[in-house]
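Note sheet for the following structure.
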Amino acid sequence: MQVLAVTPEIFPLIKTGGLADVAGALPVALAGQGVTTRTLIPGYPTVLSAFRKKKALHQYPNLQGGKASIHAATVSGLELFVLDAPHLFDRAGGPYGDATGADWPDNWRRFAALSQVGADIAGGAISGYAPDLVHVHDWQSAMTLAYMRYGEAGTVPSVMTVHNLAFQGQFAAAIFPELGLPAPAMALDGVEYYGGVGFLKAGLQAATAITTVSPTYAQEICTPAFGMGLDGLLNLRAGDLHGIVNGIDTEIWNPATDPHLMANYSSKSLRARKANRKAVEDRFNLVSDDSPIVCVVSRLTWQKGMDILAGSLDDLVAAGARLAVLGSGDQGLEGALLAGAARHRGRVGIVVGYDEALSHMMQGGCDAIVIPSRFEPCGLTQLYGLRYGCVPIVARTGGLADTVIDANEAAIAAGVATGFQFAPESAAALGHAIRRMVSAHADSAVWAAIQKQGMKSDVSWDRSAQKYVQLYKYLIAKGQPGG
């Protein structure tokens, strides 16, 4: 089976969040199931610098305002198609904006171009390559399915994966004439969305099947509270909507071999985590004692519930815990957390920014990781926490609810508890969960049992990859004569 994936980012080449981890790990997992994936990605500078030899498989004299070409590459075991379009992607800064964080004003053009190329490849633009199915990720590649629908690849089955419905790619109607789509596409059942053009909406409309990254999130987005204005369309397509929980790359995230740790360990050698714990204390200027260290590795945003954390910070310290935060985002939230660190020197430490190696060390040295998200399609940090014996404390929403078993009395007695859930998303509820965690941590036998049970959890891509393969096969067979 040949699958063409289209994504705006992929680990290890370009990453801003969990989407990149999924785009990089899923093809590897699918390969074990007999599926060959070629992934189309933009030619950002960091991507192009990863390979030297370039041979154009297809060229465009004018793709959204400039010359462009498609190249094949193999990087870190990933089979790639790279869209080299310097006028669109050769820019300093991040994949979506400049160094200040401001979005590029022509993002609609950049990702329309990526999508147009994805549809061209699906339609046979590259000699000798014909995918059986196209799998696109989030709004930046969702228009691939619209170009396929109104172009040469309308019969190729497709999957649209929504990693976060909050990011939709909404643009003014004025861009439509420059998209290269036929006039009928600017309609309610096409790309039109509240009078403008909706990239994600167009993908949801055109996809053969829609997936989200957890079963609970698939249910939540069909409600007005979580549907972000798209719940009506999603309910109409409910029969094509599937929730498949994400996995993680268990080779990269493995405490027994992780090179970023001061000491490697397994569920049978948890005492070795003490060396990592000391490294965390030193990095975050925390006092050294036996109290639990709670960590946060997150974008500092309202969605991630960082205002809830800031509001419960004093209670967290009063409960007897310490806190280490790694992240950046909203300046107001950064300021609130930095103020909390100033109030509680030695008990709270903040590192503003992102550091991949440090994030591994925190999972390997902290006792618990808190994820108070207001909504969370899947979440990966709690999966890393389970893998590393860093016990998750999570809001009861989306993929967090699907992957963490609350340590209530019954679950502890049955030996199945893996973390702590709380609801509603409030400082009071989070504070109660923190106190439950501190109480459990005080009982070394109970705490070790929770850690070990979490480390036994299957957080790999194996089961999820099987579900994707089953869906792919169903869609391909459905599209065959007599299917």
Side-chain angles (χ1 to χ4, degrees), residues 4-8 38-44 56-71 81-91 95-96 103-127 129-131 133-160 167-208 233:
L4 171 66
V6 187
T7 178
R38 297 294 296 266
T39 304
L40 173 65
I41 58 173
Y44 308 114
L57 301 176
H58 189 79
Q59 294 183 328
Y60 292 88
N62 185 354
L63 177 69
Q64 288 294 338
K67 293 181 179 180
S69 53
I70 307 170
H71 302 267
F81 289 126
V82 179
L83 173 58
D84 186 7
H87 63 294
L88 299 174
F89 301 114
D90 186 11
R91 304 176 182 183
Y96 315 122
D103 286 349
W104 300 116
D106 63 344
N107 272 344
W108 67 268
R109 187 184 300 279
R110 300 168 76 226
F111 295 108
L114 177 70
S115 297
Q116 182 180 334
V117 171
D120 288 347
I121 295 174
I126 295 177
S127 178
Y129 181 73
L133 180 140
V134 175
H135 188 162
V136 305
H137 297 269
D138 271 356
W139 74 264
Q140 297 92 334
S141 57
M143 284 287 283
T144 301
L145 307 187
Y147 283 110
M148 288 170 59
R149 177 184 178 187
Y150 296 103
E152 300 297 321
T155 60
V156 179
S158 60
V159 174
M160 165 89 241
F167 301 103
Q168 300 185 0
Q170 294 178 252
F171 302 99
I175 74 167
F176 180 77
E178 298 189 61
L179 293 177
L181 290 167
M186 190 59 177
L188 183 61
D189 66 347
V191 305
E192 188 274 335
Y193 186 52
Y194 288 105
V197 175
F199 278 36
L200 180 62
K201 183 263 184 181
L204 295 174
Q205 191 81 51
T208 314
L233 172 57

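FYI, side chains are in, hydrogens and waters are out, and symmetry mates aren't considered; it's all heavy atoms of this structure.
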First locate atom [atom1] of [X], then atom [atom2] of [Y], and finally report the distance between them rounded to the nearest 0.5 Å.
X: Thr144; Y: Leu40; atom1: OG1; atom2: CG; value: 7.5 Å
X: Leu4; Y: Ser158; atom1: CG; atom2: OG; value: 11.0 Å
X: His137; Y: Thr39; atom1: NE2; atom2: OG1; value: 7.0 Å

Measure across [X] and [Y] and return the closest heavy-atom pair with its distance rounded to 0.1 Å.
X: Val197; Y: Ala172; answer: CG2-O, 4.1 Å
X: Ala206; Y: Arg149; answer: CB-CD, 4.0 Å
X: Ala146; Y: Ala202; answer: CB-CB, 4.3 Å
X: Gly195; Y: Ala173; answer: O-CB, 3.3 Å
X: Arg91; Y: His87; answer: NH2-O, 3.2 Å
X: Pro42; Y: Pro8; answer: CD-O, 3.8 Å

Is the side chain of [X] donor-acceptor paired with the backbone N or O of [Y] at a distance under 3.5 Å, no angle test?
X: Lys201; Y: Gly190; answer: yes
X: Arg109; Y: Pro105; answer: no
X: His71; Y: His58; answer: no
X: Tyr147; Y: Leu179; answer: yes
X: Glu152; Y: Gly154; answer: no
X: Thr208; Y: Pro157; answer: no
X: Arg110; Y: Pro95; answer: yes
X: Ser141; Y: Val6; answer: yes

Answer whether the closest heavy-atom distance between the side chains of [X] and [Y] falls below 4.5 Å.
X: Leu63; Y: Leu83; value: yes
X: Leu145; Y: Met160; value: yes
X: Phe171; Y: Phe176; value: no
X: Ile70; Y: Ile121; value: yes
X: Leu200; Y: Phe167; value: no
X: Gln168; Y: Phe199; value: no
X: Leu181; Y: Met143; value: yes
X: Met148; Y: Val134; value: yes

**Asked** Angle class for the Phe111/Trp139 ring planes (parallel below 30°, perpendicular above 60°, tilted otherwise)?
**Response**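 Rings of Phe111 and Trp139: perpendicular, over 60°.
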
**Asked** After noting the C-alpha distance and the side-chain angles of Leu188 and Tyr193, does the key distance pass the side chain to side chain contact (heavy atoms under 4.5 Å, CB included) rule?
**Response** CA-CA 7 Å; Leu188 183 61; Tyr193 186 52; over 6 Å; no

**Message:** Is it true that Tyr60 and Asp120 share a donor-acceptor pair across their side chains at a distance under 3.5 Å?
**Reply:** yes

**Request:** In sequence, state the C-alpha distance, the side-chain angles, and the governing distance for Asp90 and Tyr44, and then conclude on side chain to side chain contact (heavy atoms under 4.5 Å, CB included).
**Result:** CA-CA 6 Å; Asp90 186 11; Tyr44 308 114; over 6 Å; no

**Message:** Check this for me, if you would: do Lys67 and Asp84 make a salt bridge, where the nitrogen-to-carboxylate-oxygen distance has to be below 4.0 angstrom?
**Reply:**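 No, Lys67 and Asp84 are not salt-bridged.
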
